[in-house]
Each structure stands twice: as structure tokens, then as C-alpha cells.
Amino acid sequence: MAETKTETAAQDSEVRDTKDERTAAKLAKRIGAFAKEHGGAEAQLAYVGERGTRIVLVGQDGGWGDLFATSHAVAEAAVAKAGVTVHEDFDGEFAAKVKTGPYEWTRMAGMQLGGPKNG
């Protein structure tokens with residue numbers, strides 16, 4: 001008996017949902033590891049269009065990092081599974097927690113001046 005388009009679409013959706021759940025669980029594990037290493041963590045989700053969503057993490061010690069999720073729904077599921085506080089915007093007190101060092105300042109200055117210098 002041939003499958004209908006509806007049945008095929010439902011099966012494709014289930015496969016996608018299962019894959020998204022696994023991806024969110026993997027991201028949650030990485031978020032948890034970051035939080036453990038940095039004495040806790042908070043996050044902000046930055047939707048970047050069709051490419052997905054950037055998960056920006058800031059540790060309680062000021063360390064920061066980011067991860068990339070294939071969709072906003074996956075990013076939301078990952079931070080929920082990890083149990084971290086999510087901020088609507090990356091500004092104010094949340095942004096002030098980020099500690100940067102010479103590497104970041106040199107890199108940012110290089111971008112402002114036309115890219116990193118060789119040599």
C-alpha cells in the first residue's frame with residue numbers, strides 16, 4: 001500500500017524532530033560543561049536567519065564563548081535543557097560581565113583597521 005503525502009510528511013517531521021532533540025541535547029551538554037568550567041553561565045540567543053541561532057554564553061567568571069544551533073527552536077531547547085538563564089538582549093549588566101583580554105582587543109582593533117596584521 002502506497003504512503004500518502006501526509007504520511008510521508010509526518011514521518012519526515014518525526015525524523016527531523018528526533019534529530020533536533022539529539023542536537024539540542026548535545027548542545028545542552030556543551031553548555032553545561034561551559035557552565036561548570038566558569039562557575040555558572042547565562043546565555044543570549046541571537047537569531048542569524050536561515051543559518052540558525054548563535055548561543056552566546058557568559059560565565060560567572062567573565063569567560064565567554066558561543067555555540068551555533070541549526071534553528072532557533074533547537075537553541076531554545078538546548079538552553080532550557082541546560083537550565084541557564086537566557087537574556088533577551090546582550091546589553092547592560094549582562095554584557096558588562098564579559099571579561100576581555102589582549103587577544104580580543106587586538107583582534108577587534110585589527111578588524112577596525114582592515115584585518116589582522118601579518119608578521
Side-chain angles (χ1 to χ4, degrees):
M1 185 172 192
E3 292 182 9
T4 66
K5 287 183 182 180
T6 304
E7 289 171 334
T8 303
Q11 289 172 347
D12 288 348
S13 179
E14 286 178 29
V15 169
R16 201 169 34 253
D17 290 347
T18 301
K19 184 178 178 186
D20 287 350
E21 288 172 9
R22 285 193 313 264
T23 301
K26 288 178 185 176
L27 287 168
K29 188 174 181 178
R30 293 180 67 191
I31 293 166
F34 177 91
K36 184 176 180 181
E37 183 178 332
H38 296 277
E42 298 173 59
Q44 191 265 333
L45 305 180
Y47 178 70
V48 292
E50 288 183 23
R51 294 191 58 211
T53 296
R54 180 179 184 204
I55 304 168
V56 180
L57 300 169
V58 178
Q60 294 305 311
D61 64 357
W64 63 279
D66 63 350
L67 298 168
F68 196 80
T70 54
S71 72
H72 200 73
V74 169
E76 287 177 327
V79 294
K81 286 179 188 288
V84 296
T85 299
V86 179
H87 295 267
E88 193 71 28
D89 296 305
F90 194 82
D91 59 8
E93 289 181 35
F94 180 52
K97 291 179 180 184
V98 175
K99 292 186 180 164
T100 56
Y103 169 80
E104 288 85 3
W105 284 103
T106 301
R107 186 158 165 88
M108 286 187 277
M111 288 178 187
Q112 292 295 321
L113 301 173
K117 302 213 187 279
N118 293 329

Student: Do L45 and V79 make a side-chain contact, defined as non-hydrogen atoms from C-beta onward lying under 4.5 Å apart?
Tutor: yes
Student: Kindly write out the residues that satisfy side-chain hydrogen bond (donor to acceptor under 3.5 Å, both in side chains) with E37, not counting sequence neighbours, or none if the list is empty.
Tutor: none
Student: Side-chain contact test, heavy atoms from C-beta onward, threshold under 4.5 Å: evaluate it for D89 versus F94 and give yes or no.
Tutor: no
Student: Rounded to the nearest 0.5 Å, what's the gap from CG on D66 to OG1 on T53? Could you check?
Tutor: 12.5 Å
Student: Could you measure the distance from the CZ atom of R30 to the NZ atom of K26? Nearest 0.5 Å is fine.
Tutor: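 Nearest 0.5 Å value for the CZ-NZ distance: 10.5 Å.
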Student: Going only through I, L, V, M, F, W and Y residues with side-chain contacts under 4.5 Å, is there a path from I55 to V84?
Tutor: yes
Student: Hey, does Q44 have a side-chain heavy atom less than 4.5 Å from the side chain of E88?
Tutor: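 They are not in side-chain contact.
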Student: Using modelled atom types and a 3.5 Å cut-off, is there a donor and acceptor pairing between side-chain atoms of D61 and backbone atoms of G63?
Tutor: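 Pair found, side chain donor or acceptor close to backbone of G63.
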Student: So, taking the atom named NE2 in H87 and the one named OG1 in T85, what distance separates them when rounded to the nearest 0.5 Å?
Tutor: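 Here the rounded value is 6.0 Å.
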Student: Please report the interatomic distance CG(L57) to CG(L67), rounded to the nearest 0.5 Å.
Tutor: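 Going from the CG atom of L57 to the CG atom of L67 covers 5.5 Å.
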Student: Is the closest side-chain heavy-atom distance between K97 and W64 below 4.5 Å?
Tutor: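 No. Closest side-chain heavy atoms not under 4.5 Å.
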Student: Under the ring pair (Phe, Tyr, Trp, His ring centres under 6.0 Å) rule, what pairs show up with a residue in residues 35-57, not counting sequence neighbours?
Tutor: F34-H38
Student: Linking I/L/V/M/F/W/Y whenever their side-chain heavy atoms sit closer than 4.5 Å, directly or via other members, would L27 and F68 fall into one cluster?
Tutor: no
Student: Given side chains that start at C-beta, do those of K81 and K29 come closer than 4.5 Å, heavy atoms only?
Tutor: no
Student: Are I31 and V56 grouped together when hydrophobic residues (ILVMFWY) are joined by side-chain heavy atoms under 4.5 angstrom apart?
Tutor: no
